[in-house]
K.L.:
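Before I ask anything, here is the structure I am working with.
In each ligand, atom 1 is the first atom listed, and ligand 1 is the first ligand listed. Basis for what follows: all heavy atoms, side chains included, without hydrogens, waters or symmetry-related copies.
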Amino acid sequence: MAFEGLTQRLQNAFNGLKRKGKVSESDVRDAMREIRLALLEADVNFDVVKEFVKTVRERAVGTEVLNSLTPAQQIVKIVHDELVKVMGDAAVPLNKSPHIPTVIMMVGLQGAGKTTTAGKLAKRLVDQEKARPLMIAADIYRPAAVDQLVTIGQQLDVPVFEMGTDHDPVEIVKQGLAQAAENKNDYVIIDTAGRLEIDEQLMQELSNIKALAQPNEILLVVDSMTGQVATQVAEGFNQQLDITGVVLTKLDGDTRGGAALSIRTVTGKPIKFVGQGEKLDALDVFYPDRMADRILG
Ligand code: GDP
């Protein structure tokens with residue numbers, strides 16, 4: 001289950017405080033030590049942990065909290081508030097273009113869930129807005145990525161523009177956009193190539209596609225199971241491409257929580273959606289407060 005270890009350890013820290021009745025500064029210190037370890041073990045970025053613990057401690061040792069009748073509960077609330085804050089406070093909607101089409105470029109490393117998420121997003125737009133998206137298959141390197149997107153398109157009854165794997169991705173995107181203009185599609189979702197790790201050639205290709213397509217949204221898809229690595233990947237893609245948002249996938253697995261809690265602070269970019277399963281309807285808006293509830297258990 002996602003966040004299991006983190007939830008358990010945070011609850012242990014709170015239970016220690018709750019048993020006390022009256023809470024002293026040194027009790028807060030002990031609890032904060034446990035919370036710090038819990039976050040580090042959940043693979044949260046070190047600087048994020050440091051800042052988080054500092055803020056919670058400062059708020060928790062305030063006399064109003066320690067002198068209150070329910071200090072432990074108040075500290076739980078402070079932790080909740082700060083968890084929400086590091087995840088970005090409120091949900092951030094998709095950027096939209098004032099004229100059609102809104103262009104969404106999906107980027108990420110291989111295996112993160114990019115192609116699946118392109119399909120999930122198309123389905124979401126069709127279901128919620130009766131949108132008429134066109135998906136463009138521009139991942140020509142991963143074997144079967146084009147076929148995978150075509151199959152997803154057939155399942156959803158959403159058109160997919162593809163030119164096989166022998167053309168330059170920038171050319172594919174150019175022709176795909178021309179088709180979208182002709183067919184008056186209101187959204188274009190571009191599935192781009194990934195690699196096993198960030199490399200120069202990949203970034204150059206993505207920059208070229210970005211320059212041509214002028215996307216309203218560059219969504220980075222990252223695998224939440226990879227923890228700190230997901231955070232580093234987000235930092236790398238953001239530096240190169242100035243992404244506009246993140247989709248965190250595989251939250252249905254036993255992810256520890258590090259990516260969800262670090263990415264916003266490290267990149268300054270919002271997590272917009274979370275993937276919670278392999279099926280095409282398993283995409284949800286990322287709500288920081290609900291995620292904090294889930295983490296606290
Ligand atoms: P890409 O290489 O980034 O395009 O990755 P794919 O879209 O092919 O996804 C890689 C694998 O992850 C596939 O088996 C997907 O079904 C799976 N996957 C993607 N998103 C999720 C998710 O949110 N939860 C789970 N459990 N699996 C996912």
K.L.:
Can you pull out the closest protein heavy atom to atom 21 (C) of ligand 1? Residue, atom name and distance to 0.1 Å, please.
P.N.:
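Going atom by atom, the protein heavy atom closest to atom 21 (C) of ligand 1 ends up being G277 O, 3.6 Å.
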K.L.:
Tell me which protein heavy atom sits closest to atom 15 (C) of ligand 1, plus the residue, atom name and distance to 0.1 Å.
P.N.:
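The closest one turns out to be T116 OG1, 3.7 Å.
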K.L.:
Do the numbers put R256 on top of the ring of F3, so that NZ or CZ is under 6.0 Å from the six-membered ring centre and no more than 45° off the axis?
P.N.:
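So R256 doesn't make the cation-pi contact.
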K.L.:
In the protein, which heavy atom is nearest to atom 3 (O) of ligand 1, and how far is it?
P.N.:
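Residue, atom and distance for the closest contact: K114 N, 2.7 Å.
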K.L.:
What part of D252, side chain from CB on, backbone N/CA/C/O, both or neither, has a heavy atom under 4.0 Å from ligand 1?
P.N.:
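It is the side chain that touches ligand 1; the backbone stays farther off.
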K.L.:
Is any side-chain heavy atom of E200 closer than 4.5 Å to a side-chain heavy atom of Q240?
P.N.:
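No, every pair of side-chain atoms sits at 4.5 Å or beyond.
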K.L.:
Among R195, Q276, M225, K250, which one puts a heavy atom closest to atom 11 (C) of ligand 1?
P.N.:
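Checking each option, the heavy atom nearest atom 11 (C) of ligand 1 is found in K250.
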K.L.:
Could you tell me whether ligand 1 has any atom less than 4.0 Å away from a heavy atom of A112?
P.N.:
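Contact present.
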K.L.:
Mind checking the CD-CG spacing from E162 to D147? Nearest 0.5 Å is all I need.
P.N.:
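Between atom CD of E162 and atom CG of D147 there are 7.5 Å.
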K.L.:
With a cutoff of 4.0 Å, is L109 in contact with ligand 1, counting heavy atoms of the residue only?
P.N.:
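It does, in that a heavy atom of L109 comes within the 4.0 Å cut-off of ligand 1.
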K.L.:
Taking R124 first and then E129, would you say they form a salt bridge - that is, a charged N and a carboxylate O separated by under 4.0 Å?
P.N.:
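Result for this pair is no, no salt bridge flagged.
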K.L.:
Consider ligand 1: state whether an atom of it lies below 4.0 angstrom from any non-hydrogen atom of G108.
P.N.:
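Not so, G108 does not reach ligand 1.
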K.L.:
Between Q179 and Q175, is there a side-chain donor-acceptor contact under 3.5 Å, judged purely by atom types and distance?
P.N.:
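On atom types as modelled, these side chains do not qualify, holding no pair under 3.5 Å.
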K.L.:
I'd like to check whether G111 has a polar contact with ligand 1, where a contact means an N/O of the residue lying under 3.5 Å from an N/O of the ligand.
P.N.:
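Yes; at least one N/O pair falls below 3.5 Å.
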K.L.:
Between E34 and N12, do the side chains contain a donor N or O and an acceptor N or O under 3.5 Å apart?
P.N.:
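Note: N12 and E34 side chains miss the donor-acceptor criterion.
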K.L.:
Decide whether an N or O pair under 3.5 Å exists between L251 and ligand 1.
P.N.:
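N/O-N/O distance below 3.5 Å does not exist for this pair.
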K.L.:
Measure D191 to ligand 1 on non-hydrogen atoms and call it side chain, backbone, both or neither using the 4.0 Å cut-off.
P.N.:
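It is neither; nothing of D191 touches ligand 1.
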